[in-house]
Amino acid sequence: QFFRPQKGRDGLLITIGHVSKHKSIPVQIDLSEVAKGHMFICGMTRSGKSTFVVNLAINAMSTRPSPRIIIIDRRGEYSVLSEYGALVFDYRAFLPRPRDIQPNLLADVLADLLGVPSGDKTIRDYMVRVVSMIRRDMEKGEPVGFTPEALADYVDRLPGRIQEGTRERLRLYLDKERLERLYLLRQDRPFYDIVEVVMANPVVVVDLSTDPNIIYQHLTVAHMIRRVVYHAIERARRKEPFAAIFVVEEAQYLAPEKGMRIEVGAPEKLGVEKALVEGISQAGGYNVGFIVMTQRPAYVMKSVISQCNTILCFRLRNPNDQDTVSRYTEYGGER
């Protein structure tokens, strides 16, 4: 009985293994509890984290009702799940369209993609104005969008007070041919709604290894988390059933602990850090759970770890990582 969840009759039990030397005693996890209380998985490379998630997903797909699982796959390790019925996507299929990105953030993203120095506040401010002008005209119903042609054209619509030298520099950055190279602005690129996809397919793998653009990766992950959480809140208001679980690989790159020098890209600026923290803090009440994974617990934001009710710890040798797990479980002592 010790190894069986107490709420097993009402839950969604997934067998993850058995007690060592006692194959007749299963060890189970209640996925309905994970969807409400989250799980933190840590362990060194090759210690079993990914294998655990693969087996969890395979077993989950065979249950009825099948839980919805979205795996953020940083290294392309989970494509094997396609053999069991999961769908594997290039993450850019969920990259938000420019019109779905807040204007100030969109201007910042374009500036970063186009190589505008972070200290060039003048050009960045004018990019915000160009994007805001287009958004305003879109809301008026004018036939315009965030296309390379429109962005280049609106540089000439800026008020005359702008110095000509500044306008010319802005033209160099917002040049139509340069903008056409940006995948974000491609009009013919595929776009899928993560909610529609996961409702039709119980397990969805979002492969981040297909393209190394960290800006696009962070934009996509933030958008997906917010979209699913918003959908869950709407379903809850209508008293309609919905549950989903995000598996977040190598969480230290999305929500790094401050001062650990592990940051890649700008997760805070692009909103992925905030989306993950807000999601894990609030979404459990709406049945959106997070399985947060890392090799280095010490490098993950502590406000993320502290919200996880279940901790699954594989082998850890680094004292800082051991200490982190010790401090965020009930076991307090080193032993």
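For clarity, every value in this text was computed on a predicted model and none was experimentally measured. Heavy-atom basis, side chains included; hydrogens, waters and symmetry copies ignored.
- Side chains of Q217 and Y253: no donor on one and acceptor on the other come within 3.5 Å.
- A salt bridge links R124 with D112; the closest basic N to acidic carboxylate O contact falls under 4.0 Å.
- In this structure, M138 and V144 have side chains that are in contact, with non-hydrogen atoms separated by less than 4.5 Å.
- With R129 contributing its side chain and L158 its backbone, the two residues share no donor-acceptor pair below 3.5 Å.
- R136 has no carboxylate O lying under 4.0 Å from a charged side-chain N of E142, or vice versa, which leaves the two without a salt bridge.
- Between D153 and K176 no salt bridge is recorded (no basic side-chain N to carboxylate O distance below 4.0 Å).
- Shown are D211, D73, N213; of these, the side chain to side chain donor-acceptor pair (under 3.5 Å) with Y91 is made only by D211.
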| request: For K258 and E273, run salt bridge (Lys or Arg N to Asp or Glu O under 4.0 Å): C-alpha distance rounded to whole Å, both residues' side-chain angles, the deciding distance at 0.1 Å, then the answer. | output: CA-CA 12 Å; K258 297 295 181 275; E273 177 185 283; 3.0 Å; yes
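- Side-chain contact of T45 with Q295: a donor-acceptor pair under 3.5 Å is present, judged by distance alone.
- Distance alone, capped at 3.5 Å, is enough to place a donor-acceptor pair between the Q187 side chain and the L185 backbone.
- Side chains of I72 and M224 form a contact here, defined as non-hydrogen atoms less than 4.5 Å apart.
- Using a 4.5 Å heavy-atom threshold, the side chains of L81 and V88 count as separate.
- When atom types are taken as modelled, the side chain of Q163 and the backbone of T166 share no donor-acceptor pair closer than 3.5 angstrom.
- Looking at heavy atoms from C-beta onward, N287 lies out of side-chain contact with F242 at the 4.5 angstrom threshold.
- Under a cut-off of 6.0 angstrom, the local environment of OH in Y192 is sparse, with at most 12 non-hydrogen atoms contributed by other residues, nucleotides or ligands.
- A cation-pi arrangement is absent between R186 and Y183 under the rule of less than 6.0 angstrom and at most 45 degrees off the ring axis.
- Between E250 and R75, at least one side-chain N (NZ, or NE/NH1/NH2) sits under 4.0 Å from a carboxylate O, which counts as a salt bridge.
- A salt bridge between E234 and R237 is present, with a side-chain N of the basic residue lying under 4.0 Å from a carboxylate O of the acidic one.
- Under the 3.5 Å distance criterion, the side-chain polar atoms of N55 are matched with a main-chain donor or acceptor of T51.
- With hydrogens and angles disregarded, no donor-acceptor distance shorter than 3.5 Å links the side chain of R68 to the backbone of A243.
- For R135 (side chain) and R99 (main-chain N/O), a donor-acceptor pair under 3.5 Å exists by modelled atom type.
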